[in-house]
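Each remark here refers to the structure printed beneath this line.
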Amino acid sequence: MKNKILAITSGEPAGIGADICLDLPQHNLPCRVVVLGDIELLRNRAQMLQKNVKIREFDRFSQPEHNTLDVLHIPLRDVCEIGKLNPNNSPYVLELLDKAFDGVQAGEFAAMVTAPVHKGVINDYFSGSLKREFFSGHTEYLAEKSNTKQVVMMLAGGGMRVALLTTHLPLRDVADAITPQLIEDVAQILHHDLQTKFGIRSPKILLAGLNPHAGEGGHLGREELTIMQPTAAKLREQGMDISDPLPADTLFQPFLLNDADAVLAAYHDQGLPVLKYASFGGGVNITLGLPFIRTSVDHGTALTLAGSGKADSGSLKTAVEVAWQMVLAQQS
Ligand SMILES: NC(=O)c1ccc[n+]([C@@H]2O[C@H](COP(=O)([O-])OP(=O)(O)OC[C@H]3O[C@@H](n4cnc5c(N)ncnc54)[C@H](O)[C@@H]3O)[C@@H](O)[C@H]2O)c1
Ligand SMILES: N[C@H](C(=O)O)[C@H](O)COP(=O)(O)O
């Protein structure tokens with residue numbers, strides 16, 4: 001295979017991104033990785049955490065070395081104090097993503113894996129600099145950069161896969177966002193990627209209702225009756241194995257999950273707390289529908305843990321492993 005290297009963006013510099021990246025050489029990974037970030041920041045963090053790891057500048061032509069972290073150096077824009085967000089470093093955080101994106105587009109990297117960023121401070125930077133942009137998350141940022149109209153956020157862990165109809169949206173806006181077109185687009189991407197990227201020939205998808213008890217026959221909200229059920233029926237006519245909207249409070253039970261390949265939840269905090277309860281620190285976030293492979297950790301920047309030695313790097317390890325499995329599946 002031409003490109004065997006995965007790009008790992010080290011994320012918000014004041015958070016645990018550097019800490020968890022420093023564990024990568026110990027993880028017995030199935031492939032070569034390069035971390036994108038400020039090399040001095042990584043060296044300082046390694047010293048602080050007393051990590052016995054060699055940190056060297058990335059050279060594509062050098063041989064991988066035992067206990068060595070290859071770093072593609074991208075300099076910080078301003079001082080970084082551990083645990084303290086500095087909006088002036090937000091362009092640095094975005095540059096890590098842009099460089100990884102350019103690398104996968106150019107075929108230099110086989111996939112990208114992202115350590116956590118802090119959405120709030122990036123938006124603080126945008127508003128402080130009078131810029132108009134809004135940063136919702138990696139998922140939306142990478143969709144926009146790659147001109148992809150629709151992508152799907154799916155997390156996997158604890159023996160389940162949970163995909164989302166809506167991602168980083170205020171709860172107030174969720175109901176209006178759920179349209180037949182959105183359900184069709186998201187379900188089709190989910191179905192397609194479960195087949196092509198995860199080798200599931202006939203994926204079975206459980207659709208979660210939006211309202212309590214899936215609308216209670218229309219008495220507790222009508223979205224299930226007017227939007228979700230008719231769209232699910234249409235998708236079934238097209239050959240997809242997708243349920244009618246089911247009550248979300250009892251959907252995440254083994255007697256239903258054991259027979260399903262994915263849950264399609266209506267919104268972020270309907271699906272993700274269940275999955276994170278089952279697997280926090282060992283799950284993986286996968287963006288489906290992109291023209292390249294991108295996975296991420298299942299946790300955030302954990303500012304108070306940065307530099308403490310208490311950050312668990314298990315999710316980053318899983319994110320690398322899953323990205324690599326997807327690279328291999330793509331080749332076969
Ligand atoms: N992939 C990503 O970029 C990503 C994912 C989730 C959240 N975030 C962002 O992170 C920021 C902080 O979010 P939050 O506080 O809601 O969630 P968080 O995941 O940062 O923290 C939640 C709790 O889990 C703990 N925790 C998190 N990661 C851990 C790890 N690896 N090991 C041990 N404990 C860990 C934290 O200390 C905290 O108690 C927000 O800006 C959010 O948007 C980013
Ligand atoms: N929704 C994700 C989670 O809760 O883990 C997280 O915010 C990361 O999203 P992006 O990958 O879009 O940044």
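Remember, it's 1-based here, ligands and their atoms both numbered in the order they're listed.
At a heavy-atom cutoff of 4.0 Å, ligand 2 is contacted by no atom of V117, backbone or side chain. Neither the backbone nor the side chain of H299 comes within contact range of ligand 2; no heavy atom lies under 4.0 Å. Neither the backbone nor the side chain of T287 has a heavy atom within less than 4.0 Å of ligand 2. Of all the heavy atoms of I16, the ones lying under 4.0 Å from any atom of ligand 1 belong exclusively to the side chain. Contacts with ligand 2 closer than 4.0 Å are made by side-chain heavy atoms of R294 only, the backbone lying farther away.
Y141 and D98 share a donor-acceptor pair across their side chains, judged by distance under 3.5 Å alone. Side-chain contact annotation: Q150 with Q188, donor-acceptor N/O pair under 3.5 Å absent. Side-chain N/O atoms of R56 and T68 include no donor and acceptor closer than 3.5 Å.
Considering backbone and side-chain atoms alike, S296 places every N or O at 3.5 Å or more from each N or O of ligand 2. Close N/O approach between K119 and ligand 1 is found [any backbone or side-chain N/O within under 3.5 Å]. Here's the thing with A115: none of its N/O atoms is less than 3.5 angstrom from an N/O atom of ligand 1. Considering both main-chain and side-chain atoms, D312 comes within under 3.5 Å of ligand 1 through a nitrogen or oxygen pair. At least one N or O atom of V117 sits closer than 3.5 Å to an N or O atom of ligand 1. Of the polar atoms of H138, at least one N or O is found under 3.5 Å from an N or O of ligand 2, judged by distance alone.
Closest heavy-atom approach to atom 9 (O) of ligand 2 among the candidates H168, E140, H118: H168. Between S296, A302, A306, it is S296 that holds the heavy atom closest to atom 1 (N) of ligand 1.
Closest protein heavy atom to atom 12 (C) of ligand 1: T301 OG1, 3.5 Å.
A centroid separation of less than 6.0 Å is found between the aromatic rings of F101 and F292.
No side-chain donor-acceptor contact under 3.5 Å links T295 to the backbone of V113.
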Take D23 and K317 through the salt bridge (charged side-chain N to carboxylate O under 4.0 Å, His left out) test and state the conclusion after the steps.
CA-CA 9 Å; D23 280 351; K317 174 179 188 270; over 6 Å; no
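Those atoms of ligand 2 that come under 4.0 Å of a heavy atom in N285, given as number and element, are 2 (C), 8 (C), 9 (O), 11 (O).
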